[in-house]
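Structure record follows, encoded as structure tokens.
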Amino acid sequence: MCLWHGRSGRRGDRPMVEHDPSARPGDAGHPEPGRPEPGQPEPGHGEDVRFKDLPPEERLFRQRHSAAHVLAEAVLEMFPEGKYAIGPPVDNGFYYDFDLPRTLTPDDLVALEKRMRESVKRNLPIHGEQIAKERAREIFRDQPYKLELIEGIEEDTVGYFRHGDFQDLCRGGHTETTGQLGAFKLDRVAGAYWRGDEKNPMLQRVYGLLFPNKQELAAYLELREEAEKRDHRRLGRELDLFHLDPIAPGSPFWHPKGTVLYNGLVDYIRELYEVYGYREVITPQLFGADLWKTSGHYQNFGEDMFLFTTGDAEDGEEIGVKPMNCPGHCHYFASGHHSYRELPLRLAEFTRLHRNERSGVLHGLTRVRSFAQDDAHIFCTPEQFESEVFGVFTFIERVYDELGLGAPEIRLGTRPEKFAGDPGDWVEAERLLGEAVTNAGKTFTLSPGEGAFYGPKLEFHFKDAIGRSWQLGTVQVDMSMPASFDLTYVGEDGQEHRPLMLHRAVLGSLERFLGVYIEHTGGHFPLWLAPVQAVVIPIADRHVDYAQRVRSRLRERGLRVEVDEGADRMGAKIRKAQLQKVPYMLVVGDREEEAEAASVRDRTGDDLGAMPLFQISDRMVDERDSRSVQAR
RNA sequence: GCCGCUGUAGCUCAGAGGUAGAGCAGCUGUUUCGUAAACAGCAGGUCGUGGGUUCAAUUCCCACCGGCGGCUCCA
């Protein structure tokens with residue numbers, strides 16, 4: 001697949017913490033079509049429904065929004081010359097952007113929070129009304145950002161809210177007073193471009209957290225701590241899975257243990273390729289720039305590619321390192337004649353891809369420059385389209401289920417601003433994708449503008465163990481490359497036809513998937529993936545020989561087993577294995593040696609008692625071969 | 001790329017304008033032990049890199065390079 005996450009997939013790459021199951025999708029500032037505008041300005045305030053009678057999510061939305069105002073009030077008190085821009089409610093809280101004479105420090109946040117609490121204590125009424133644009137321009141004459149916002153509003157009037165001496169241009173949706181804010185905490189300050197455009201000035205964004213009560217705020221902070229403990233960068237080091245080094249930014253070094261995981265996943269997907277009728281290929285890493293010009297990537301994403309010229313600059317050849325497999329696969333398809341009888345042709349490839357992601361966006365394994373995907377492209381006839389889409393999500397659902405990720409949530413990404421092809425075809429393709437989902441008895445939600453530049457797509461999202469949502473798999477319709485590469489097949493009628501092309505990935509980038517999966521499991525990998533499946537722990541030196549025999553017996557069954565021969569006491573060895581999250585610890589002493597057995601402890605800490613070796617290996621082999629994902 | 005923060009031993013972190021410390025990990029020795037840390041010793045750092053200020057810089061300043069948090073949620 002060609003999902004270029006540097007652009008269209010950005011939102012999906014970021015974990016969105018969704019701790020509040022009752023939260024509406026649009027609540028967190030993700031505008032959803034059809035969502036009622038939250039609280040229009042209410043001129044006659046008293047006629048409105050009482051704040052306390054509103055639905056909980058509306059109350060929270062308003063609390064967060066009002067908190068943003070109270071924050072702006074505090075900042076403007078501190079910096080009377082300050083300019084304020086926008087301050088919406090977001091996931092977990094709110095923010096406000098400012099243009100200030102100096103940079104805010106962590107100490108400032110403490111002071112600001114104190115001022116905010118004073119404002120809350122004063123419990124000032126918040127008034128909202130519609131005013132003429134003319135008047136708004138007068139009120140905000142010293143506020144360039146507000147003036148710019150006013151110009152962007154189509155109506156003749158604009159929303160105007162105030163409490164105490166603070167006033168703001170605002171669409172509304174507020175609490176009745178500043179005393180109704182709930183539990184909040186200023187979180188951090190970060191840079192943000194005015195209107196998110198890097199050509200605009202950089203503003204200072206103050207983020208705050210806000211929940212209905214202290215308990216929920218504390219729960220969120222705990223969740224965050226839990227997330228920190230599971231951070232794949234931390235576990236990657238602690239479990240000796242991989243490391244990153246400035247010598248190759250964004251390019252993981254997979255250690256032996258991480259490589260077991262990596263290859264385990266590849267082997268697994270490869271096995272399923274047999275089941276689902278895919279054929280694997282290996283295409284070049286380096287291509288002449290012409291290929292990327294044909295595919296359109298050179299023009300659209302050249303900046304994000306590693307391009308270089310061989311030899312000297314004048315008569316050297318321009319080369320592009322492959323950032324994705326699709327053009328290579330199209331080139332393969334075009335290299336021979338194809339009959340309709342060969343279709344659908346499902347071409348898979350695991351080779352490495354490189355994308356020149358900007359340095360600031362690199363992040364552990366989830367945003368890298370060097371990675372591989374469980375990538376495939378399906379070339380098919382229009383008649384085969386729906387069953388192919390269906391086949392992909394059968395595949396995806398099976399994998400998510402077997403990996404213990406649960407049922408995916410499906411989203412349909414529609415035409416983005418920058419797109420290739422005919423808008424009419426887009427509408428048709430979006431409709432067909434949607435139908436394929438509903439005909440399969442599934443539901444989907446719309447992600448407007450989130451399609452790839454060459455076609456609409458289905459995204460498969462999963463929610464991890466601590467409630468964060470991640471996009472993994474995808475199916476994308478390509479309405480551009482078959483024509484760009486002039487792909488054809490000979491139909492039943494003896495005529496040449498243009499095949500349809502689908503891009504699809506089940507896990508997506510294996511690097512990114514592993515990052516997500518490490519966090520989901522907290523490093524407690526199912527036995528079949530665990531880099532070390534059991535550690536044999538001899539109680540005293542005289543048991544080492546027997547421990548090694550135990551290891552050999554298990555290795556004969558293809559199990560990955562180590563012996564801890566160190567001078568540590570048994571307790572310390574158990575602790576070590578436990579921290580390494582090894583599924584089984586096999587303690588052997590005099591009693592076990594006598595009985596050709598081992599005492600089995602699993603990583604939950606359960607002592608399963610002494611078991612004969614054959615029984616241990618049978619049990620482990622069963623667990624491995626069934627790819628059991630039971631949490632342990 | 002841009003904004004902010006940050007960079008001291010493999011890891012977690014302390015420190016100060018006068019030449020660097022702890023715990024864990026490592027190594028060696030002693031201990032031979034029954035389900036989450038035995039004891040002792042040793043070794044380990046041009047304090048991210050390059051400039052500048054200073055009698056003296058790891059510490060102050062500048063630049064660069066990494067890392068971390070942000071950067072479409074438009075009143």
| task | Nearest 0.5 Å please: distance from the CD1 atom of A:I150 over to the CZ atom of A:R135. | result | 11.5 Å
| query | Between B:rA16 and B:rU59, how far is it from one C1' atom to the other, in whole Å? | reply | 7 Å
| remark: Interatomic distance, CZ@A:R512 vs CZ@A:F371, rounded to 0.5 Å, equals 10.5 Å
| query | Contact class for A:I574 (heavy atom, under 4.0 Å): base, sugar-phosphate, or nothing? | reply | base
| query | If you measure from the P atom in B:rG10 to the same atom in B:rG26, how many Å do you get, rounded? | reply | 15 Å
| said: So, does A:Y584 get its side chain near the phosphate of B:rU35, meaning an N or O under 4.0 Å from OP1 or OP2? | reply: no
| task | Would you kindly give the CG-to-P distance between A:L579 and B:rA37, to the nearest whole Å? | result | 10 Å
| B:rG45 and B:rG7, which share atom name C1', separated by this distance in whole Å | 14 Å
| message | Checking contacts here: which listed nucleotide (B:rC74, B:rG70, B:rC11) is nearest the side-chain heavy atoms of A:R237? | response | B:rC11
| message | Looking at A:D607 and A:R601, is there a salt bridge between them, counting it only when a charged N and a carboxylate O are closer than 4.0 Å? | response | no
| query | Can the positive tip of A:R551 be found less than 6.0 Å from the middle of the six-membered ring of A:Y546, inside 45° of the ring normal? | reply | no
| query | Taking atom C1' in both B:rG51 and B:rC42, what distance in whole Å separates the two? | reply | 39 Å
| Less than 4.0 Å between a side-chain N and a carboxylate O, is that true for A:E594 and A:R591? | no
| Roughly, in whole Å, what's the span from NE2 in A:H243 to C1' in B:rC11? | 14 Å
| Between A:E450 and A:R411, does at least one N-O distance fall below 4.0 Å, as a salt bridge requires? | no
| said: Looking at A:E511 and A:R369, is there a salt bridge between them, counting it only when a charged N and a carboxylate O are closer than 4.0 Å? | reply: no
| If you round to the nearest 0.5 Å, how far is CE of A:M585 from CD of A:Q578? | 4.0 Å
| With a cut-off of under 6.0 Å to the ring centre and 45° to the axis, is A:K581 in cation-pi contact with A:F525? | no
| note | With both pairing distances under 3.5 angstrom for Watson-Crick or G-U wobble, and | for a partner in another strand, the correct string for RNA chain B is ((((((((.[[[[.)..(..]]]].(((((.......))))).....[[[[[..)....]]]]])))))))....
| message | Measuring only the C1' atom in each nucleotide, how far is B:rG44 from B:rU8? A whole number of Å is fine. | response | 14 Å
| query | Does B:rA36 have OP1 or OP2 sitting under 4.0 Å from an N or O in the side chain of A:R601? | reply | yes
| field | SB check A:R195 A:E148 (cutoff 4.0 Å) | value | yes
| message | Using the C1' atom as the point on both nucleotides, what is the distance between B:rU19 and B:rU12, in whole Å? | response | 25 Å
| message | Taking A:E58 first and then A:R62, would you say they form a salt bridge - that is, a charged N and a carboxylate O separated by under 4.0 Å? | response | yes
| said: Can you check the distance between B:rC47 and B:rC60, where both ends of the measurement are the C1' atom (answer in whole Å)? | reply: 15 Å
| query | Distance from A:D231 atom CG to A:E519 atom CD, nearest 0.5 Å? | reply | 5.0 Å
| Just how far, in rounded Å, is C1' of B:rC71 from OH of A:Y193? | 6 Å
| said: Nearest 0.5 angstrom please: A:D97 CG to A:Y84 OH, how far? | reply: 13.5 Å
| Which part of the nucleic acid, if any, lies within contact of A:I537, taking any heavy atom under 4.0 Å across all strands shown: a base, the sugar-phosphate backbone alone, or nothing? | nothing
| note | A:D245 CG to B:rC11 P, in whole Å, measures 11 Å
| remark: Whole-Å distance, A:R195 CZ to B:rU72 P, equals 13 Å
| field | A:R234 side-chain N/O to B:rU12 phosphate OP1/OP2 under 4.0 Å | value | no
| field | Whole-Å distance separating the CG atom of A:L109 from the C1' atom of B:rC5 | value | 12 Å
| field | B:rG52 versus B:rA25 - spacing of their C1' atoms, nearest Å | value | 39 Å
| task | Starting at atom CZ of A:R188, determine the distance to atom P of B:rU6, rounded to an integer number of angstrom. | result | 15 Å
| For RNA chain B, whose closest nucleotide is more 5', that of A:R205 or that of A:L104? | A:L104
| Per-nucleotide protein contact string for nucleotides 25-34 of chain B (B base, S sugar-phosphate only, - none; heavy atom under 4.0 Å) | ------BBBB
| Identified side chain to side chain donor-acceptor pair (under 3.5 Å) partner of A:D168 from the options A:H163, A:K146, A:H174 | A:K146
| Nearest-Å distance, OH (A:Y95) to C1' (B:rG4)? | 17 Å
| N or O in side chain of A:R367 less than 4.0 angstrom from B:rC68 OP1/OP2 | no
Below 3.5 Å is the cut-off: list the nitrogen or oxygen pairs between protein and nucleotides 40-50 of chain B, distance only.
none

| request: Ignoring backbone atoms, establish whether A:H363 has a side-chain N or O less than 4.0 Å from OP1 or OP2 of B:rG70. | output: no
| message | Of the listed nucleotides (B:rA37, B:rC3, B:rC74), which one gets closest to any side-chain atom of A:M202? | response | B:rC3
